[in-house]
Peer 1: 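Sharing a structure here in structure tokens format.
Counting convention: from 1, in listed order, for ligands and their atoms alike.
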Amino acid sequence: MKNNIVLIGFMGVGKGTTARKLAELTGLYALDCDDLIESLVNAKVKKIFKDHGEKHFRSLEKKTAIWLEKNVQGTIVSTGGGFYGVDNLKSIGKVVLLHGDFDQIIERLLQHPNAAKKIKKRPLLQNMGKARELYERRLPFYREVADVEICVDERKVEDICNEIMEKLALKKMV
Ligand code: S3P
């Protein structure tokens, strides 16, 4: 198994923010799967969904997962909310589930100064009823693939990172 740290969890739970803070604290690099996909096809996630559909996006996630396993080491990898479904997830690194209550995730997202943009860019967050169903459907699968689960509700990113570092025995650089 590669020594990456793979952050999974529902949309808006703070995977990217946590990955960047963890990178700052550990001196490791952070990579984001959606950024990799967007650069691979030179299009935003929203446009990929619109022009080619979700199935195509999932195939790009699979391709990215294979690339990560083959080429990336010692890195913190933040993923999209559906990336947990790739076949080789556990071969990329230690899987950390960031878990939060659905209502709290959405509440926090709505309080963000860029809330409208953050919601608009996520095709699967356009209908809150469907998003809640998706959350409930995915939760057992997230838990099944995770090596470690961290609760993010009402916690600061530093606190979340400290727990991840403690659980994975990562050294602090700063
Ligand atoms: C998705 C989550 C998104 C993005 C895409 C699909 C999902 O990433 O990959 O819109 O299936 O949950 P975030 O989890 O960063 O929002």
Peer 1: Identify, by atom number and element, the atoms of ligand 1 in contact range of Pro123, meaning under 4.0 Å from any of its heavy atoms.
Peer 2: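 What qualifies from ligand 1 is 10 (O).
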
Peer 1: Side chain, backbone, both or neither: which part of Arg58 has a heavy atom under 4.0 Å from ligand 1?
Peer 2: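 The side chain, only.
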
Peer 1: Answer with yes or no whether Phe83 contacts ligand 1, where contact means a heavy atom under 4.0 Å from a ligand atom.
Peer 2: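 The answer is no, since Phe83 has no heavy atom less than 4.0 Å from ligand 1.
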
Peer 1: Check the pair Ile160, Lys21 against side chain to side chain contact (heavy atoms under 4.5 Å, CB included), reporting the backbone distance first and the verdict last.
Peer 2: CA-CA 10 Å; Ile160 293 164; Lys21 189 72 196 173; over 6 Å; no

Peer 1: Looking only at non-hydrogen atoms, which of Ile8, Asp34, Ile119 approaches atom 4 (C) of ligand 1 most closely?
Peer 2: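 Selected option, by shortest heavy-atom distance: Asp34.
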
Peer 1: Going by the order shown, which atoms of ligand 1 are within less than 4.0 Å of some heavy atom of Arg122?
Peer 2: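 Those qualifying, in numeric order: 13 (P), 15 (O), 16 (O).
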
Peer 1: For atom 14 (O) of ligand 1, grab the closest protein heavy atom and report residue, atom and distance to one decimal in Å.
Peer 2: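 Heavy-atom neighbour on the protein nearest atom 14 (O) of ligand 1: Lys15 NZ, 2.5 Å.
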
Peer 1: Work out which heavy atom in Ile105 is nearest to a heavy atom in Met11; give both atom names and the distance.
Peer 2: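 In this case the closest contact between Ile105 and Met11 is CG2-O, 3.3 Å.
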
Peer 1: Distance-only, no hydrogens or angles: does the Ser91 side chain make a donor-acceptor pair with backbone N or O of Leu89 under 3.5 Å?
Peer 2: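 No; judged by distance alone, with no hydrogens or angles, the pair does not exist.
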
Peer 1: Should you measure from each heavy atom of Leu124, which atoms of ligand 1 turn up under 4.0 Å away?
Peer 2: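 Counting atoms of ligand 1 from 1, those under 4.0 Å from Leu124 are 7 (C), 11 (O).
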
Peer 1: Going by the order shown, which atoms of ligand 1 are within less than 4.0 Å of some heavy atom of Val45?
Peer 2: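 Answer for ligand 1: 5 (C), 10 (O).
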
Peer 1: Say you draw a straight line from CG of Asn4 to CD1 of Ile92; how long is it, rounded to the nearest 0.5 Å?
Peer 2: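 Going from the CG atom of Asn4 to the CD1 atom of Ile92 covers 7.5 Å.
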
Peer 1: For atom 2 (C) of ligand 1, which protein heavy atom lies nearest, and how many Å away is it?
Peer 2: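 Ranking protein heavy atoms by distance from atom 2 (C) of ligand 1, first comes Gly81 N, 3.2 Å.
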
Peer 1: Please report which non-hydrogen protein atom sits nearest to atom 12 (O) of ligand 1, along with the residue it belongs to and the distance in Å to one decimal place.
Peer 2: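 Looking only at protein heavy atoms, the one closest to atom 12 (O) of ligand 1 is Arg138 NH1, 2.7 Å.
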
Peer 1: What orientation do Phe57 and Phe49 show, parallel under 30°, tilted 30 to 60°, or perpendicular over 60°?
Peer 2: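 Rings of Phe57 and Phe49: tilted, as their planes differ by 30° to 60°.
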
Peer 1: Between Gln126 (side chain) and Ile119 (backbone), is there a donor-acceptor pair under 3.5 Å?
Peer 2: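 Indeed, once roles are kept as given, a pair shorter than 3.5 Å links the two residues.
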
Peer 1: How far apart are the C-alpha atoms of Asp147 and Leu168, what are their side-chain angles, what is the distance that settles it, and do they pass the side chain to side chain contact (heavy atoms under 4.5 Å, CB included) test?
Peer 2: CA-CA 10 Å; Asp147 296 303; Leu168 299 187; 6.0 Å; no

Peer 1: Can you measure from NZ (Lys171) to CG (Leu25) and round to the nearest 0.5 angstrom?
Peer 2: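 Lys171 NZ to Leu25 CG: 15.0 Å, rounded to 0.5 Å.
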
Peer 1: Short list, please: which atoms of ligand 1 are under 4.0 Å from a heavy atom of Gly82?
Peer 2: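 Going through ligand 1 atom by atom, the ones under 4.0 Å from Gly82 are 7 (C), 11 (O), 12 (O).
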
Peer 1: Quick one: does ligand 1 sit under 4.0 Å from the side chain of Lys46, the backbone, both or neither, non-hydrogen atoms only?
Peer 2: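 The answer is neither; Lys46 stays 4.0 Å or more away.
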
